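Working notes for the structure below.
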Amino acid sequence: MMKKLALQDSITFPGKPTQSTAECWFDDACILDMDYFVKTISGIKAKGVRPDLIGSIIAHYASKWLPDLSSDDAGKGPTNFEESSPETVTASWMKKRFFVETLVGILPPERDSIHCNFLLRLLRTANMVGVEPTYRAELEKRISWQLDQASLKELMIPSFSHTCGTLLDVELVTRLVKRFASLDEGARSGVALVKVAKLVDCYLAEAALDTNLSLDEFIALAGALPGHARAMDDGLYRAIDTYMKAHPGVSKQDRKVLCRLIDSRKLSPEASLHAAQNERLPVRAVIQVLFSEQSKLNRHVDWSGSFSGTRSPNPGLEPPARCLSKREMNAQQMEIKKLKEDLLKVQSQCLALQMQMEKIMDKKKGFFRWRKLGIMPSFKSSVSVFEKIEEGGEGDVSFGRQTPMDMKAKLVRGRTPPKWRKSMS
């Protein structure tokens, strides 16, 4: 009767029950039998209790039975399975697996009903005791819904597989991050994406210390998120530098592949300075970092210059123009006049050059006309012939061959004395 009254009081309580009330109810009623606890949770759900309250009840009950599921490290110790009866290790292991599978089966279906850190602790225990794959997949799906609420401490789940050589279960985290990235934009916000990106970078920096971590696993986890998830790539650069430091045998080609994950434009000045002096980075990556810093500096100079009066990035926010003085207006008019004069000079020079070109082309046309007739006269001979024609008009002008008799007659005519002689007296 006392158990029923305590249960009714806890259900009808309007607000969230206090820690002392919850502990008293659990210690008195439900912690003795697992089946009875499942029936009680079903009755609470039927009463319409909020899912977050049901989730807190399940988390508290689980921490009582399995201290590994508690967030308090000081309270962790021997489990109640081990304290209740001195059974064999195998029997205790089977009980734990049944306990975890039962808890997963009664979790509220609503999102955010149970904190992500508790689900991660439950998943770690589930991997440790080897629960069925369906329960493990259910936990991974629920964790991926609210991965932005996870902490780095709870995300560092050790690997319980004998085939995995790493200390941490990197493949599990990669699956969680990829499932989170594949959610619809309505299911995850931009802020949540940025938080997960920071969490992944911190996890990579810790996992990179493991010498057994392969390059493919590192790249798969680093590239699980889209490029716009990281506002800054300082965390990713730190993780890559840590991986190169812990794996000195990485080839030059693998270093180039790692550096392609970094966007040098998203590095802070401190990270860029460290990268420029980092001997582990390839030369190409260092050059890209230096080029990005130079581009940022040029943009900063242009931006500062735009606000100093030369130009404005937003024309609507420009200050009103200052009225020019009379001296400045006269100086501008003189400059404009000088530019016009220079323009006229250039135009006249272009016209003179054009006329010279036309004359040269006309001469070339005349030369080719004479050449078509088969005659190659020189300029001087043509001028002398024309002069003779104009002066005498009767002289024999011949372009053919001259006989010796013709030449002699020409000489005799040239020696003909004048008609009169000047008197010496």
Side-chain angles (χ1 to χ4, degrees), residues 116-117 144 146-156 168 170 173-174 176-183 185 187-210 213 215-247 250 254-304 306-307 313:
C116 184
N117 288 334
S144 63
Q146 44 190 348
L147 191 59
D148 57 303
Q149 303 175 7
S151 63
L152 178 62
K153 175 185 174 183
E154 304 299 342
L155 192 63
M156 296 177 65
L168 298 176
V170 181
V173 178
T174 304
L176 293 176
V177 175
K178 286 184 177 180
R179 188 186 290 269
F180 173 81
S182 63
L183 295 175
E185 294 184 358
R188 56 172 175 82
S189 61
V191 178
L193 191 63
V194 173
K195 288 182 179 179
V196 173
K198 291 181 179 179
L199 181 64
V200 169
D201 293 343
C202 294
Y203 182 86
L204 280 172
E206 296 293 334
L209 296 172
D210 191 353
L213 180 64
L215 181 66
D216 295 336
E217 291 176 341
F218 186 92
I219 294 176
L221 181 54
L225 291 173
H228 63 273
R230 294 180 175 90
M232 300 292 292
D233 277 4
D234 290 3
L236 182 59
Y237 167 72
R238 173 173 167 264
I240 291 176
D241 184 53
T242 304
Y243 185 85
M244 291 181 180
K245 193 183 298 182
H247 300 77
V250 178
D254 292 340
R255 293 174 188 267
K256 290 181 180 180
V257 173
L258 285 172
C259 290
R260 290 195 192 103
L261 298 173
I262 304 174
D263 189 353
S264 56
R265 297 171 297 180
K266 295 182 180 181
L267 293 178
S268 64
E270 294 79 9
S272 298
L273 179 61
H274 187 277
Q277 301 174 355
N278 195 345
E279 298 179 353
R280 290 180 290 272
L281 296 181
V283 179
R284 188 183 186 89
V286 175
I287 293 175
Q288 288 180 351
V289 171
L290 294 176
F291 181 75
S292 299
E293 282 300 308
Q294 184 66 27
S295 301
K296 291 178 186 177
L297 183 61
N298 293 337
R299 268 200 312 272
H300 179 71
V301 171
D302 294 342
W303 186 264
S304 60
S306 65
F307 283 98

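The shown structure was predicted, so the numbers you read here are calculated from the model rather than taken from an experiment.
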Exercise. Could you tell me which non-hydrogen atom of Ala205 sits nearest to which non-hydrogen atom of Ala239, and how far apart they are?
Key: N-CB, 3.7 Å
Quiz item: Please walk me through it: do Leu258 and Phe218 pass side-chain contact (heavy atoms from CB on, under 4.5 Å)?
Solution: CA-CA 9 Å; Leu258 285 172; Phe218 186 92; 3.7 Å; yes
Quiz item: Counting heavy atoms not belonging to Lys266, are there more than 12 under 6.0 Å from its NZ?
Solution: yes
Quiz item: Taking atom types as modelled and ignoring hydrogens, do the side chains of Asn278 and Tyr237 form a donor-acceptor contact shorter than 3.5 angstrom?
Solution: yes
Quiz item: Less than 4.5 Å apart, any side-chain heavy atom of Asp263 and any of Arg230?
Solution: no
Quiz prompt | NZ-CZ distance between Lys195 and Phe180, expressed to the nearest 0.5 angstrom | solution = 10.0 Å
Quiz item: Under 4.5 Å between any side-chain heavy atoms of Asp210 and Leu168, yes or no?
Solution: no
Quiz item: So does Asp201 pair up with Arg238, basic N to acidic O under 4.0 Å?
Solution: no
Quiz item: Nearest heavy-atom pair of Leu193 and Pro226: which atoms, and what distance?
Solution: CD2-CG, 4.3 Å
Self-check item: Pairwise distance CZ(Arg255) to CZ(Arg280) - rounded to 0.5 angstrom
Solution: 8.0 Å
Quiz item: How far does CG of Leu183 sit from OG of Ser189, to the nearest 0.5 angstrom?
Solution: 11.0 Å
Quiz item: Looking at side-chain heavy atoms only, is the closest gap between Tyr203 and Val170 below 4.5 Å?
Solution: yes
Quiz item: Tell me, do Val250 and His247 make a side-chain contact under 4.5 Å, heavy atoms counted?
Solution: yes
Self-check item: Non-hydrogen atoms of Ala275 and Leu281 that approach each other most closely
Solution: O-CD1, 3.6 Å
Quiz item: Side chains of Glu293 and Ser272: is there a donor and an acceptor less than 3.5 Å apart?
Solution: yes
Quiz item: Is it true that atom CZ of Arg260 has more than 12 heavy atoms of other residues, nucleotides or ligands lying nearer than 6.0 Å?
Solution: yes
Quiz item: Looking at Ser151 and Asn117, what are the two nearest heavy atoms and their distance?
Solution: N-OD1, 3.1 Å
Quiz item: How close do Ala197 and Ala229 get, heavy atom to heavy atom, and via which atoms?
Solution: CB-O, 3.7 Å
Practice problem: Can you measure from CD (Gln149) to CG (Leu199) and round to the nearest 0.5 angstrom? | Solution: 12.0 Å
Quiz prompt | Closest heavy-atom pair and its distance - Leu261, Ile240 | solution = CB-CD1, 4.2 Å
Quiz item: Rounded to the nearest 0.5 Å, what separation is found between the OG1 atom of Thr174 and the CG atom of Asp216?
Solution: 11.5 Å
Exercise. Kindly compute the distance separating CG (Asp148) from SG (Cys116), expressed to the nearest 0.5 Å.
Key: 8.0 Å
Quiz item: Would you say the side chain of Ser292 lies within less than 4.5 Å of the side chain of Leu267, judging by non-hydrogen atoms?
Solution: no
Quiz item: Is Cys202 close to Met156 at the side-chain level, that is, under 4.5 Å between some pair of heavy atoms?
Solution: no
